[in-house]
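A quick write-up on the structure given underneath.
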Amino acid sequence: MTMKDFIITKRDGSQDRFSLDKIMNAIIKAFQSVDEPVDLSAISKILSHLNISEGITVEDIQNQVEEALMRENYYKVAKSFMLYRQRHNEDRETLEKLKFLTDYCKASNAATGSKFDANANVEHKNIATLIGELPKSGFIRLNRRMLVDRIKQMYGKELANEYIDKLTHHFIYKNDETSLANYCASITMYPWLVNGTGPIGGNSTAPTNIKSFCGGFVNMVFMVSSMLSGACATPEFLMYFNYFIGKEYGLDYWKEPDRVVDLSLKQRTIDKVITDCFEQIVYSINQPTGARNYQAVFWNVAYYDQPYFESLFGEFVFPDGSRPDWAGLSWLQKRFMKWFNKERTKAVLTFPVETMALLTKDGDVIDKEWGDFTAEMYSEGHSFFTYMSDNADSLSSCCRLRNEIQDNGFSYTLGAGGVSTGSKSVLTINLNRCIQYAVKNGLDYAEYLSEVIDLCHKVQLAYNENLKDLQKQGMLPLFDAGYINMSRQYLTIGVNGLVEAAEFMGLQINDNPDYLHFVQKVLGLVEKYNKQYRSKEVMFNCEMIPAENVGVKHAKWDREDGYFVPRDCYNSYFYVVEDDSLNIVDKFKLHGAPYIEHLTGGSALHMNLEEHLSQPQYRQLLRIAAKEGCNYFTFNIPNTICNDCGHIDKRYLKECPVCHSKNIDYMTRIIGYLKRVSNFSQARQEEAKRRYYAEVDKELNEA
């Protein structure tokens, strides 16, 4: 192969034929810029140091030219060449940002305009969201450099190069590279209960009454969320709120909620005081915030049945020596759910994402009262997740993350209690590309996948070391103050493209032995390495990521590179979201115990229905979920929003029932949280159109 036959890779990823003339002209211009004479002999010597290979990047060629100039002692020329490159890099970056700015302003919404991590939670496109988008490319480069340097230090340059190669060729995807913060956390509020926000840089004192609890809680959540790149879960929220209500109105307050306790002209009852607090907290936290690039905080709360609550918080003690009062908390949990469900007919309220935690035994929930209430809330149109477990070893800490917890006991020093957990970092494997690449190149896909999984674990350990260094430098006050326990935060190996990989392998995507074997084989490999790399200080889990953004990216990238891509957005479920051949029970089976066995980080079944079921029907589905071992699920029935009169209806309608306008929008879960479909990215809006919503009567008859 002659030099002119080589193919080079340009900065935008495209390829072109190698041109020796371009290099020679660049070298001559560098000599001329410092008034130094040059002849063909000198240029030939410089060129003799170059090692051009197939697919070499423009940057690598320019790096070699710089080294060659210095080897030949042309230091002034080399410096000029470097400065020339730097100026052109700066010009290119400025032009790219100007183009991005123009495209972003023209985009239909903020999610569509976002180049790096499209997010439907950014509801409004404005100057604040634009300012948040512009530095993201710089954060990506910085995060990537920090991680690569640590990988080199721990494992050598070869592994670091392998990581970059797998990353840039989309075999793996580093989630949240646009942020320096660690991912998501289910915090304990105990440090705030004792010390206020002082230890994390705030100036509010510990709450002492209902009023200071509400205001302080909102401030605390905003502060904590500003130091995370993902969700902030507060599983103790209602338990602490119940504590302060009891201190103010007595433990039996819930028995007489209509008692007037306000001496002002408003003459508010206990119930009105409580719902006013709900309103203050929920509407405040749903407001856009500068710390999140004008998006709302990702806030999550949990409800518990009695056995789950007692298992998790049975040893919990408040600072005054009292214990949580279950009777009051049970009433307060129900009151909040009823209030929040009704409030969603008045405004589009995305947060909190709610999870109902229920303990099960012998194919049903243990606490029948809370099982019945859960079904009742679904029948009334409320949208929340249900988490079921046959023991309280885990808790849904984010909108879809399931974390196995070894120690449920309360720690007075750390304020633990089965809640101080979450995920430090997510690194996702594109299973469809990895498996197709192996098969097409005559490799055993399990062996090839094992190499990728092993690489991911080493990269995550390198990330963990960088995180520990940040903590040593005092940059992670949430850990130091005890809101989060570092050793109980997981390093997550995400998976995406599982269904698409199975389709490539010729498998039917339904509950059959071949598909189950494939799922267990692939996910079992991840779990094998999770256990292998686990230590006293570091834990790994495996999660089928929601892939709001990357599900679209993986499909696009794989199609461009000639891989089999059956849809424009990779699934985040064990079934094909547009498949109308599966009934309701089939989908519970496909997210049942055999399929999720190795997903210690969680997966969520989204049961899409055209209309709401009755309370007995939902109650029966809870039993089916318990029987099948489907431990995390929700029911999606799109809510109708009238763009003309503003009416919000819990039903999936074709026109507004109030003004009969057909100018309507829908609110449904893009993945983990509710949002207007018009706020989805354009690609996600197309995916939403393809979702199959089961016809209830037909499905139940078939089931």
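Worth knowing before you read on, the calculation uses all heavy atoms, side chains too, and leaves out hydrogens, waters and symmetry mates.
- Contact between Ala547 and Val550 at its shortest, heavy atoms only, is CB-CG1, 3.7 Å.
- Between Glu96 and Lys99 there is no salt bridge, since none of the side-chain N atoms of the basic residue sits less than 4.0 Å from a carboxylate O of the acidic one.
- Judged by distance alone, with hydrogens and angles left aside, the side-chain atoms of Ser179 form no donor-acceptor pair with the main-chain N or O of Asp176 at under 3.5 Å.
- Across every non-hydrogen atom of Ala625 and Phe588, the tightest pair is CB-CE2, 3.6 Å.
- Looking only at distances, a side-chain donor or acceptor of Tyr666 sits under 3.5 Å from a matching main-chain atom of Leu653.
- Contact check on Glu343 versus Lys346 returns a salt bridge, with a Lys/Arg side-chain nitrogen under 4.0 Å from an Asp/Glu carboxylate oxygen.
- Using modelled atom types and a 3.5 Å distance limit, the side chains of Tyr378 and Thr386 yield a donor-acceptor pair.
- Within the 3.5 Å criterion, the main-chain N or O of Pro235 finds a donor-acceptor partner in the side chain of Tyr304.
- Aromatic rings of Phe336 and Trp331 (six-membered ring for Trp) have centroids beyond the 6.0 Å cut-off, not under it.
- Partner of Glu687 under the side-chain hydrogen bond (donor to acceptor under 3.5 Å, both in side chains) criterion, out of Arg690, Arg684, Gln685: Arg684 alone.
- Counting only distance, with no hydrogens or angles, the side chain of Asn126 and the backbone of Thr129 share a donor-acceptor pair below 3.5 Å.
- At a threshold of 4.5 Å between non-hydrogen side-chain atoms, the residues Asp558 and Asn430 count as touching.
- Cation-pi geometry between Lys650 and Tyr652 is not satisfied (NZ or CZ under 6.0 Å from the ring centre, within 45° of the ring normal).
- Cys214 is not listed as a side-chain neighbour of Phe217, based on a closest heavy-atom distance of 4.5 Å or more.
- Asn643 and Asn663 are linked by a side-chain donor-acceptor pair at a separation below 3.5 angstrom, with hydrogens and angles left out of the test.
- Taking the ring centroids of Phe384 and Phe340, they lie at or beyond the 6.0 Å cut-off.
- Atom OH of Tyr693 is separated from atom CG of Leu609 by 10.0 Å, given to the nearest 0.5 angstrom.
- Electrostatic pairing of Glu578 and Lys689 does not count as a salt bridge here, judged by no charged N lying under 4.0 Å from a carboxylate O.
- Here CG of Asn571 is found 9.5 Å from CG of Asp579. Values are rounded to the nearest 0.5 Å.
- Looking at Phe309 and Leu329, their side chains come closer than 4.5 Å, going by heavy atoms from C-beta outward.
- A donor atom on one side chain and an acceptor atom on the other are found under 3.5 Å apart for Asn175 and Thr428.
- Checked against the 6.0 Å centroid criterion, the rings of Tyr673 and Trp299 do not qualify as a close aromatic pair.
- Looking at Gln267, its side chain does come within 3.5 Å of a backbone N or O of Ser264 through a donor-acceptor pair.
- To the nearest 0.5 Å, atoms CG (Asp276) and CH2 (Trp339) are separated by 9.5 Å.
- In summary, the aromatic rings of His591 and Phe633 are positioned with their centroids too far apart to meet the 6.0 Å limit.
- Ile545 places a side-chain heavy atom less than 4.5 Å from the side chain of Val426.
- Residues Asp372 and Thr374 fail the side-chain proximity criterion, which asks for heavy atoms closer than 4.5 Å.
- Sorted by first then second residue, the salt bridge (Lys or Arg N to Asp or Glu O under 4.0 Å) pairs that include residues 581-590, not counting sequence neighbours, are Lys589-Glu628.
- Residues that satisfy the side chain to side chain donor-acceptor pair (under 3.5 Å) test with Ser114, not counting sequence neighbours, are Glu133.
- Ion pair Lys342/Glu380 not flagged as a salt bridge, since none of the NZ, NE, NH1 or NH2 atoms sits closer than 4.0 Å to an Asp/Glu carboxylate oxygen.
- Under the 3.5 Å distance criterion, with hydrogens and angles disregarded, a donor-acceptor pair is assigned to the side chains of Asp511 and Tyr595.
- Side chain of Asn341 to main chain of Met377: no donor-acceptor pair is present (N/O by atom type, distance under 3.5 Å, no hydrogens or angles).
- In summary, Asp568 and Lys556 do not engage in a salt bridge, as defined by a charged side-chain N under 4.0 Å from a carboxylate O.
- Arg335 and Asp271 are joined by a salt bridge, as a carboxylate oxygen and a charged side-chain nitrogen come within less than 4.0 angstrom of each other.
- Separation of the Tyr575 and His606 ring centroids does not fall under the 6.0 Å cut-off.
- The pair Arg567-Glu503 meets the salt-bridge criterion, since a charged nitrogen lies less than 4.0 angstrom from a carboxylate oxygen.
- Note that OG of Ser379 and CZ of Arg619 are 12.5 Å apart. Values are rounded to the nearest 0.5 Å.
- When only modelled atom types and interatomic distance are considered, Tyr570 and Asn432 share a side-chain donor-acceptor pair under 3.5 Å.
- The stretch residues 664-674 participates, sequence neighbours left out, in these salt bridge (Lys or Arg N to Asp or Glu O under 4.0 Å) pairs: Asp665-Arg676.
- A donor-acceptor pair under 3.5 Å is formed between the side chain of Ser226 and the backbone N or O of Met223.
- Counting non-hydrogen atoms of neighbouring residues, nucleotides and ligands closer than 6.0 angstrom, the CG atom of Leu263 reaches no more than 12 such neighbours.
- A salt bridge links Glu369 with Lys334: the distance from a Lys NZ or Arg NE/NH1/NH2 to an Asp or Glu carboxylate oxygen falls below 4.0 Å.
- To the nearest 0.5 Å, the span separating OG on Ser614 from CD on Gln620 amounts to 10.5 Å.
- No donor-acceptor contact under 3.5 angstrom links the side chains of Ser681 and Thr112, judged on distance only.
- No side-chain heavy atom of Val221 sits less than 4.5 Å from a side-chain heavy atom of Phe237.
- When side chains are defined from C-beta on, Phe635 counts as touching Leu621, because their heavy atoms get closer than 4.5 Å.
- The shortest distance between side-chain heavy atoms of Ile210 and Tyr249 falls below 4.5 Å.
- In this structure, Glu610 contributes its side chain and Ala694 its backbone to no donor-acceptor pair below 3.5 Å.
- Put simply, CG on Leu349 and CD on Glu279 are 10.0 Å apart, with the number rounded to the nearest 0.5 Å.
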